[in-house]
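Order of appearance sets the numbers: ligands from 1, and atoms from 1 within every ligand. Just the heavy atoms: all of them, side chains too, but no hydrogens, waters or symmetry mates, feed the values below.
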Amino acid sequence: MSGPRRAAATPRALHVLDEVESTQSVLAGLAAGGAPEGTVVTARHQTGGRGRRGRGWWDRPGESLLLSLLLRPGIHASHAAQLSLVGALAVTDALGTAAQVDARIRWPNDVLAGGRKIGGILPEGAAGCDGRLGHVILGIGINVDQAAFPDELAERATSLRLLTGRSHDPARLLEPVLDALERRYEEWRGHGFLRLRTAWRERAFTLGRPVVMPDGTIGVAVDIAEDGALLVRAADGRLERVVSGEVETVAGALAGRG
Ligand code: BTN
C-alpha cells in the first residue's frame, strides 16, 4: 500500500481462506515471515475470532466479512491507535458506496448503523526498534448477511441484511472495503489524521454524547483532536483529552459492547 499506486487490475497479496481460528493469527504468521504491507487475509468463518479488550468476535460461516490487513507504517507505538480511526472511517466509506448505508463511528473503532453495531476494528501491533512498531495488523469484522443474532447480541448488533431487507454476499464487500482502506491509509500516511478529521467528524456517532471517562466520571464528547484523541467536556467545565481505548459511551458502558 505504500509506494506506487496499485493499478486497478493488479491483484493484491490476498489470502482467501475458508475456516481459520482468527485471520489476525494467520496474518501475524505471514508478517513474521516478511509478508509485504498490504497483505490481506480473509476467511468465511473464524472459530476464535478476536474483539477488543479480550472479547471474542462472533460469526456464523459465510455471513460476515472478516479480514486482516498488514500495515508497516513505521510509526511510534503511541500513534498506532490512529489506525483504528482510519479503519473505521474507511468502513463507513465502503458501506456508503457499496450498500448506501449511512454508517457512523463510535470512537475509537466501532461502526454503527441505525444505532447498532455493524462492524468493529481491532489493531494489533508488533514491537519494532526504537519504540516504533514493526507492523500493525488491522482486523475488520462487518456483519453482512445475518438475519438474526444470538440473544446476547440481538439488541445491539445489526447487519447489512437487517438494514436493507435483502441478502448480501460478504465477499462482494471485500473490494470496496480494501479500496477505501487504501485511500484513507494513503491520506493518513501523507498528511496525518488532521487530513481525515473533517470526514471523521461528519461520520461521528460519539460527538455531542455523554461518555464515561477513565476516572469513571461522565462528560460530553465535544470534538476530536488533530492526533485522534477524544476531547471531552467534564462536568466542572474542564476539557479533557482522552486517548484511545479509555472511554466508552454511556449506552455502551451500560449495555456492554460487542
Ligand atoms: C471489536 O469491535 O471488538 C473488533 C472486532 C474485530 C473483529 C475482526 S474479524 C477479522 C479479524 N480477526 C479477528 O479475530 N478479529 C478481527
Legend entry - Side-chain heavy-atom pair D93, R183 within 4.5 angstrom cut-off: yes

Inset, instruction - Determine whether the side chain, the backbone, both or neither of D110 has a heavy atom under 4.0 Å from any heavy atom of ligand 1. - result: side chain

Legend entry - Which segment of I121 sits under 4.0 Å of ligand 1 when only heavy atoms are counted: backbone

Inset, instruction - Pick, from R52, R106, Q46, the option with the minimum heavy-atom distance to atom 13 (C) of ligand 1. - result: Q46

Close-contact set for ligand 1 against [X] heavy atoms, below 4.0 Å:
{"X": "T23", "value": "10 (C), 11 (C), 12 (N)"}
{"X": "Q24", "value": "11 (C), 12 (N), 13 (C), 14 (O), 15 (N)"}
{"X": "G49", "value": "14 (O)"}
{"X": "S22", "value": "12 (N), 13 (C), 14 (O)"}
{"X": "K117", "value": "1 (C), 2 (O)"}
{"X": "L67", "value": "10 (C), 11 (C)"}

Inset, instruction - Report yes if R50 has an N/O atom closer than 3.5 Å to an N/O atom of ligand 1; otherwise report no. - result: yes

Inset, instruction - Ignoring angles and geometry beyond distance, decide whether W57 reaches within less than 3.5 Å of ligand 1 through its nitrogen or oxygen atoms. - result: no

Inset, instruction - Identify whether the distance between the nearest side-chain nitrogen and carboxylate oxygen of E186 and R189 falls below 4.0 Å. - result: no

Inset, instruction - Output yes when D145 and R60 qualify as a salt bridge under the 4.0 Å nitrogen-oxygen rule, no when they do not. - result: no

Legend entry - side chain to side chain contact (heavy atoms under 4.5 Å, CB included), paired with T42, selected from L14, V177, V20, L27: L14

Inset, instruction - If the plane angle is over 60° it's perpendicular, under 30° parallel, otherwise tilted; pick one for F193 and W200. - result: perpendicular

Inset, instruction - With sequence neighbours excluded, tell me which residues meet side-chain hydrogen bond (donor to acceptor under 3.5 Å, both in side chains) with S68. - result: T23, Q24

Inset, instruction - Name all residues meeting the salt bridge (charged side-chain N to carboxylate O under 4.0 Å, His left out) criterion together with D215; count only those two or more places apart in sequence or in a different chain, and write none if there are none. - result: none

Legend entry - Residue of the set R203, R184, R104 for which side-chain hydrogen bond (donor to acceptor under 3.5 Å, both in side chains) holds with T92: R203

Inset, instruction - Please verify whether a non-hydrogen atom of R53 lies at under 4.0 Å from ligand 1. - result: no

Inset, instruction - Check whether any heavy atom of R55 sits under 4.0 Å from an atom of ligand 1. - result: no

Legend entry - Side-chain donor-acceptor contact under 3.5 Å, Q82 with W188: yes

